[in-house]
Chemist: 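Have a look at the structure that comes next, please.
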Amino acid sequence: MKLDYILHLADDALIMGHRLGEWCGHGPILEQDIALTNTSLDHLGRARSLFQYAAEQFNSLTPELKSVQFSSVALQALVSEGKPLDEDDLAFLRDGWDFRNHLLVEQPNNDWAYTVARSFYYDAFNYLFFTELMNSTDTTLASIAEKSLKEVTYHLRWSSEWVVRLGDGTDESHERMQQAINELWMYTGELFDMTETDKAMQAEGIGADLSKIKSLWIDRVAQVMEEATITIPQGKWMQKGGKSGRHTEHLGYILAEMQFMQRAYPGMEW
Amino acid sequence: MVQSFQEHFDSLIDREVTIEPKDWMPEDYRKTLIRQISQHAHSEVIGMLPEGNWISRAPTLRRKAVLLAKVQDEAGHGLYLYSAAETLGVSRDTLYDQLHSGKAKYSSIFNYPTLTWADMGAIGWLVDGAAIMNQVPLCRTSYGPYARAMVRVCKEESFHQRQGFEIMLTLSKGTGVQKKLAQDAFNRWWWPSLMMFGPPDAESPHTEQSVRWRIKRMTNDELRQKFIDVTVEQAKVLGLYVPDKDLKWNEERGHYDFGTINWDEFREVVKGNGPCNRQRLETRKKAWDEGQWVRDAAMAHAAKRKARKQEAANAA
């Protein structure tokens, strides 16, 4: 259970970091290229800490539990050889259905407005989530949360400023911002979806109570959107599935690219 | 004694005192500097692309983060250098226009493709290694803002060079296919790296004047020889074969002799006929054009804010 919880957090960080990294060299303004890369590096740094922790958790499981945890052929082979897993095995050798990230973070960059909207929804969530997770009885998660909160505070400032800048910029930017906000809205419901893992982790004092975060998130989002002259979408129907391994089509392409080296040249030092 | 502007400038150059933005300078000096600094800035920004290719495919989380940070450094170098160029009275937008229209050049090396992960190692080791050879002397160049920018650039470049070498070292200690990746990348990047020092001195039109102005401090051929002498020794450590059958230590000269560089290829790549010239430029133009509405929005929003502030101040 705890392993699933850690992997969910790690996958979010990895996939978000990967997506933002796709902008590197292609940004609209050189300074913003640098800003986005910084954020990407924060996410990747958090992903590494979490994957290392997840690997530790996995390696302490019984052989029986290890053999049923992941279904990828590559990981099965390592497990049957009795090899301990590391951060890279978890990132590069798991199959899509074992990824636990939110659908939101795997959505494509599209244009600057989509990227900003995706970051804004996620950063606002992360800010509140890590504030809660700092109280975790799990000291590793609590300390990762504490470090992340400092980074996420900056991320949220950055993405909020861009929502306002685009929303209250030109007619074109307003329209693009509103469209991106609308189209990504249906991926925000999953942020607050309490899965069995979330419930169990909350009960143990390890995980955060997502229902508590939800209303705070809506307040925060509404406040920024008002300043940005953006209308809050009213849609009630939400997509979910990422947290239980049922993803959008986009994840497959991310993994095909991201995992290429480890899959093509297995078992080597890089 | 009354000195003319020119005499004063010459005496600063002779005494190795830096020239600062507000000092008088000959028009040719200004033009040459703008050309050189902007070429360098463009090279940093275009140079993000070949390595940027592999951020999404880096083999480990550590490599992914390090590569991302490295490419980000290059964006940072672009910024320092555009800023240094701006002190000479030219705007960044003008310089971008020159790049996008093909009027301004950038280092030809970035018109070669990155085909495998080993290219990340070869670029760091060879391309950044050659860049450092070119750039270290510029930390003492006569124009102050350029020299100061170069001090920062060189510090980071030497870190890049080490990480590139470390990738090559890891590959060379690895499996058969990893060694093959390393050798293949070395074969492809060796000659273009030697071309990075520019045409032979005899054919380099700007060298003499630039050395006099301390914009350049060593000639193309001197730097190239220095690079070869150092790099051949490093290749031995890696167990890689230098792809030059004429390479031989010359006891008398105290340097390596090397084969003929294909200057026809160099001239063609400079002219725009390299494997990736069009692709690189189009990618940058696309990023710029698709970013136009974003930059417009940022300007429009800033103007609105300013107007509101003014309104509030008037009302008070």
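Each chain gets a letter, A, B and so on, in the order the sequences are listed, and its residues count up from 1.
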Chemist: I need the residue from B/M299, B/R308, B/R305 with the largest number of non-hydrogen atom pairs under 4.5 Å to chain A.
Modeler: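 Most heavy-atom pairs under 4.5 Å with chain A: B/R308.
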Chemist: Check each atom of A/L14 against the heavy atoms of chain B and say whether the ones under 4.5 Å are side chain, backbone, both or neither.
Modeler: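 The side chain, not the backbone.
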Chemist: For B/Q292, I'd like to know if atom CD has over 12 heavy atoms of other residues, nucleotides or ligands within 6.0 Å.
Modeler: yes
Chemist: Identify which of B/A297, B/G291, B/A300 forms the greatest number of heavy-atom pairs closer than 4.5 Å to chain A.
Modeler: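 Highest number of heavy-atom pairs under 4.5 Å: B/A297.
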Chemist: Applying side-chain contact (heavy atoms from CB on, under 4.5 Å) to A/D33 and B/M48, what does each step give before you reach the verdict?
Modeler: CA-CA 11 Å; A/D33 214 302; B/M48 294 170 75; 3.8 Å; yes
Chemist: Please flag which part of A/V116 lies under 4.5 Å from any non-hydrogen atom of chain B: side chain, backbone, both or neither.
Modeler: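 When you check distances to chain B, no heavy atom of A/V116 falls under 4.5 Å.
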Chemist: Side chain, backbone, both or neither: which part of B/R63 has a non-hydrogen atom closer than 4.5 Å to chain A?
Modeler: side chain
Chemist: Under 3.5 Å, is there a donor-acceptor pair between the side chain of B/Q72 and the main chain of A/T37?
Modeler: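 No.
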Chemist: Which one of A/W112, A/F92, A/F260, A/W23 has the most heavy-atom pairs closer than 4.5 Å to chain B?
Modeler: A/F92
Chemist: Report the distance from atom SG of A/C24 to atom CG of B/N53, rounding to the nearest 0.5 Å.
Modeler: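 Taking SG in A/C24 and CG in B/N53, the distance rounds to 11.0 Å.
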Chemist: Any idea which heavy atoms bring B/A287 and A/H26 closest together, and the distance?
Modeler: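 Looking at all heavy atoms of both residues, the shortest contact is CB-O, 3.5 Å.
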Chemist: Step by step, work out the salt bridge (Lys or Arg N to Asp or Glu O under 4.0 Å) result for B/R295 and A/E31.
Modeler: CA-CA 12 Å; B/R295 295 189 297 277; A/E31 284 84 345; over 6 Å; no
Chemist: Supply the atom-to-atom distance A/E87 CD to B/L61 CG, rounded to the nearest 0.5 angstrom.
Modeler: 5.0 Å
Chemist: With a 4.5 angstrom heavy-atom cut-off, could you sort out which part of A/E257 is near chain B: side chain, backbone, both or neither?
Modeler: both
Chemist: Shortest non-hydrogen contact from B/G78 to A/L30?
Modeler: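 Taking B/G78 first and A/L30 second, the nearest heavy atoms are C-CD2, 4.2 Å.
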Chemist: Would a distance-only check, ignoring hydrogens and angles, find a side-chain to backbone donor-acceptor pair under 3.5 Å from B/H301 to A/D168?
Modeler: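 Between the backbone of A/D168 and the side chain of B/H301 there is a qualifying donor-acceptor contact (under 3.5 Å).
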Chemist: Heavy-atom pairs under 4.5 Å with chain A - which of B/A75, B/A58, B/A302 has more of them than the others?
Modeler: B/A75
Chemist: Top residue by heavy-atom pair count (under 4.5 Å) with chain A, among B/V71, B/V177, B/D289?
Modeler: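 Option with the greatest count: B/V177.
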Chemist: Might you work through the side-chain contact (heavy atoms from CB on, under 4.5 Å) test for A/H18 and B/S56, ending with a clear yes or no?
Modeler: CA-CA 7 Å; A/H18 180 92; B/S56 60; 3.6 Å; yes
Chemist: Test side-chain contact (heavy atoms from CB on, under 4.5 Å) on B/R62 and A/R48 and set out the steps.
Modeler: CA-CA 8 Å; B/R62 183 174 82 90; A/R48 290 193 66 191; 3.6 Å; yes
Chemist: Top residue by heavy-atom pair count (under 4.5 Å) with chain B, among A/L166, A/L41, A/T170?
Modeler: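 Top count of heavy-atom pairs under 4.5 Å with chain B: A/L41.
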Chemist: Can you tell me which portion of A/L44 sits under 4.5 Å from chain B's heavy atoms? Options are side chain, backbone, both or neither.
Modeler: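 It is the side chain, since no backbone atom gets that close.
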Chemist: Go through the steps to decide whether A/D88 and B/K64 satisfy the test salt bridge (Lys or Arg N to Asp or Glu O under 4.0 Å), and finish with yes or no.
Modeler: CA-CA 11 Å; A/D88 293 319; B/K64 196 180 184 78; over 6 Å; no
Chemist: Measure A/R176 against the heavy atoms of chain B and call it side chain, backbone, both or neither at under 4.5 Å.
Modeler: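 Side chain of A/R176 only, per the 4.5 Å heavy-atom cut-off to chain B.
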Chemist: Using heavy-atom distances under 4.5 Å, tell me whether A/A264 contacts chain B through its side chain, its backbone, both, or neither.
Modeler: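 Contact with chain B involves no heavy atom of A/A264 at all.
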Chemist: With rounding to the nearest 0.5 Å, note down the distance linking CD in A/E269 to OG1 in B/T175.
Modeler: 10.5 Å
Chemist: Looking at every non-hydrogen atom in both residues, tell me the closest pair between A/W270 and B/T170 and how far apart they are.
Modeler: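 Smallest heavy-atom distance, with atoms named: C-CG2, 3.4 Å.
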Chemist: Report, as yes or no, whether the 6.0 Å neighbourhood of atom NZ on B/K180 holds more than 12 heavy atoms from other residues, nucleotides or ligands.
Modeler: no
Chemist: Looking at B/K173, B/R284, B/E74, B/E290, which one has more heavy-atom pairs under 4.5 Å with chain A than the rest?
Modeler: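 Of the candidates given, the most pairs with chain A belong to B/R284.
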Chemist: Which bit of A/N38 is near chain B, if near means a heavy-atom gap under 4.5 Å: side chain, backbone, both or neither?
Modeler: both
Chemist: Measuring heavy-atom distances to chain B, does A/W162 have an atom under 4.5 Å in its side chain, in its backbone, in both, or in neither?
Modeler: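 It is the side chain, since no backbone atom gets that close.
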Chemist: First locate atom CE of A/M268, then atom CG of B/L181, and finally report the distance between them rounded to the nearest 0.5 Å.
Modeler: 8.5 Å
